[in-house]
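What follows is one structure encoded as structure tokens, with my remarks underneath.
No hydrogens, no waters, no symmetry mates; every other heavy atom, side chains included, goes into these values.
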Amino acid sequence: MAAELTAHELVAQHRPTLDQALEAIRTRAYWSPHPEHPKAYGEHGSLDAAAGKAAFDALLGTRIDLGQPGTDDWTGDELSPYGIELGITYPHADVDVLLPAMKAGQRAWRDAGAEIRAMVCLEIIKRISDRTHEFAHAVMHTSGQAFMMAFQAGGPHAQDRGMEAVAYAYVEQVRTPDTAEWTKPQGKREPLALTKRFTAVPRGIALVIGCNTFPTWNGYPGLFASLATGNAVLVKPHPRAVLPLALTVQVARQVLAEAGFDPNLVALTADRPGEGSAKTLATRPEIRIVDYTGSTAFGDWLEANARQAQVFTEKAGVNTVIVESTDDYRGMLANLAFSLSLYSGQMCTTPQNLLVPRDGIRTDQGPKSYDEVVADLAAAVDALLGDDARANALLGAIVNPDVKARLDAAAGLGEVALASREVTNPDFPGAVVRTPLIVKLDGAKPDDEAAYMNECFGPVSFAVAVDSASDAVELLRRTVRDKGAMSVGAYTTDEEVESAIEEVCLEESAQLSLNLTGGVYVNQTAAFSDFHGSGGNPAANATLTDGAFVATRFRVVEVRREA
């Protein structure tokens with residue numbers, strides 16, 4: 001196919017954006033080229049709200065044919081957490097045919113160089129951004145996120161993370177020059193002279209194993225990090241959340257073809273019901289990179305068994321917040337209530353354990369006992385979610401039956417400080433919507449420890465009574481070291497306590513948020529500035545996104561000649 005996008009056009013359009021992204025990751029200042037507000041779309045070729053909804057509706061009951069080689073079946077049985085049967089089918093691949101076809105295009109993609117690869121990736125992201133409204137509905141009806149969260153987290157925030165990965169990939173590849181003239185003096189003899197060429201060589205085919213809750217936000221960093229470093233990428237979505245990644249692959253293939261590259265550099269394979277192909281795919285010799293977000297058990301299995309590949313995992317952790325003292329009690333309660341409620345707690349960064357001294361805390365409203373703190377937090381959650389319309393907008397829907405089962409079982413683990421209630425969604429009567437559960441536990445009781453020292457993914461939090469601030473700090477250390485944490489929060493006005501908490505997080509490699517009382521929450525991170533995960537504790541072996549996340553996806557190979 002003749003190229004429709006020339007290198008000159010791509011560079012002219014996207015080089016300024018790449019330069020801004022490079023500056024953003026250098027300064028860590030706020031920057032995003034992707035608007036968060038739905039009304040910002042509808043011009044310059046992007047879909048507005050009505051067109052995006054119509055595009056999504058048009059997909060229902062259809063077959064998404066990507067034109068891939070090796071398609072041996074069509075599969076798909078996605079049921080929206082909001083009760084809608086999508087009825088969309090996707091290609092199931094005979095990987096013995098597909099993988100060689102994917103490898104065939106890698107030479108030209110490698111030889112294109114870091115800049116052109118980055119420009120093609122940014123064109124893919126731009127076209128995805130133009131369809132943000134369509135993607136938002138796709139994310140909403142596969143993850144259960146409420147529409148606004150699906151729009152923002154599944155749209156601009158995911159696109160930012162993809163672009164961030166492209167920027168880091170570019171930095172790491174151009175760290176070494178393309179060529180060098182090397183001369184070594186030899187005294188009275190002629191100097192030794194060599195001409196050297198350095199090429200960033202991809203590892204091979206990368207596998208992205210998608211997750212159910214954040215298919216784009218968690219999928220884009222690995223996808224674009226691998227593609228920008230010269231690797232072909234096979235996308236294996238979660239069976240309940242295929243559509244957002246299938247649309248992503250569709251866009252990527254179109255852009256690659258228009259830019260004169262083999263579209264098979266990006267491909268998709270969907271599981272048949274109950275197939276569970278991820279283990280088989282991840283251990284094939286052609287797969288040299290694996291990106292995975294999901295359960296600890298399968299992440300550990302990948303790290304132990306996909307030995308031929310570089311494996312990047314984001315698994316599970318037990319996220320902890322220490323509540324020792326505060327100079328804004330009302331702001332603290334409001335901030336925590338929102339953090340516990342957002343997307344029904346179905347975020348890998350949602351706080352689970354709230355460590356509160358049993359003798360109480362100091363506040364700007366006077367001393368508050370442990371029981372008062374827990375009761376006031378429960379009241380804050382109730383106030384936040386008391387209106388069903390607002391509750392639906394914040395909670396979204398329970399993503400799958402396993403989450404609901406954990407929620408129901410957790411109520412029997414201790415004294416219930418805040419019971420979970422059902423919320424009716426008038427637009428989607430089939431949605432399962434539940435408010436958060438808060439359970440009181442005693443940090444000194446072994447039976448209670450068995451509950452709070454394991455992740456209970458979903459809208460469940462444990463208010464754990466501890467003997468003192470120092471005991472809270474040591475419990476935090478043990479939790480992060482043994483179970484991992486994607487996020488840590490703390491509220492304290494005591495400099496010594498703050499220093500002790502910070503030291504634990506530095507020693508155990510946990511990302512820390514201190515005294516958040518406004519519109520920033522412990523379970524949210526900003527691309528280009530915040531690091532998601534650290535790669536230094538059991539919750540994840542990688543960080544989204546830093547140099548280490550991209551640097552091992554390629555190797556620099558040198559060819560030298562006598563000058």
Give me the ring orientation class for Trp217 and His532: parallel if the planes are under 30° apart, tilted from 30 to 60°, perpendicular past 60°. perpendicular
I'd like to know if Asp448 and Lys440 make a salt bridge, using a cut-off of under 4.0 Å between side-chain N and carboxylate O. no
Tell me whether Tyr292 contacts the main-chain N or O of Ser295 through its side chain, where contact means a donor paired with an acceptor under 3.5 Å. yes
Looking only at the side chains, is there a donor atom on one of Arg272 and Thr75 sitting less than 3.5 Å from an acceptor on the other? no
By salt bridge (charged side-chain N to carboxylate O under 4.0 Å, His left out) - contacts of Glu303 (at least two apart): Lys315
Would you call Arg161-Asp530 a salt bridge at under 4.0 Å N-O? no
Distance-only polar pair, side chains of Ser277 and Asp271, donor-acceptor under 3.5 Å: yes
Parallel, tilted or perpendicular: rings of Trp301 and Phe298 (30°, 60°): parallel
I'd like to know if the side chain of Thr213 pairs up with that of Tyr343 as donor and acceptor (distance under 3.5 Å, no hydrogens or angles considered). no
Please enumerate all residues that pass side chain to side chain contact (heavy atoms under 4.5 Å, CB included) together with Asp467, with sequence neighbours excluded. Arg358, Asp471
Before we go on, tell me: are the rings of Tyr82 and Phe428 under 6.0 Å apart, centre to centre? yes
Identify whether the distance between the nearest side-chain nitrogen and carboxylate oxygen of Glu449 and Arg478 falls below 4.0 Å. yes
Distance (rounded to the nearest 0.5 Å) between Gln145 CD and Met140 CE: 10.0 Å
Are His137 and Phe151 an aromatic pair, judged by ring center distance below 6.0 Å? no
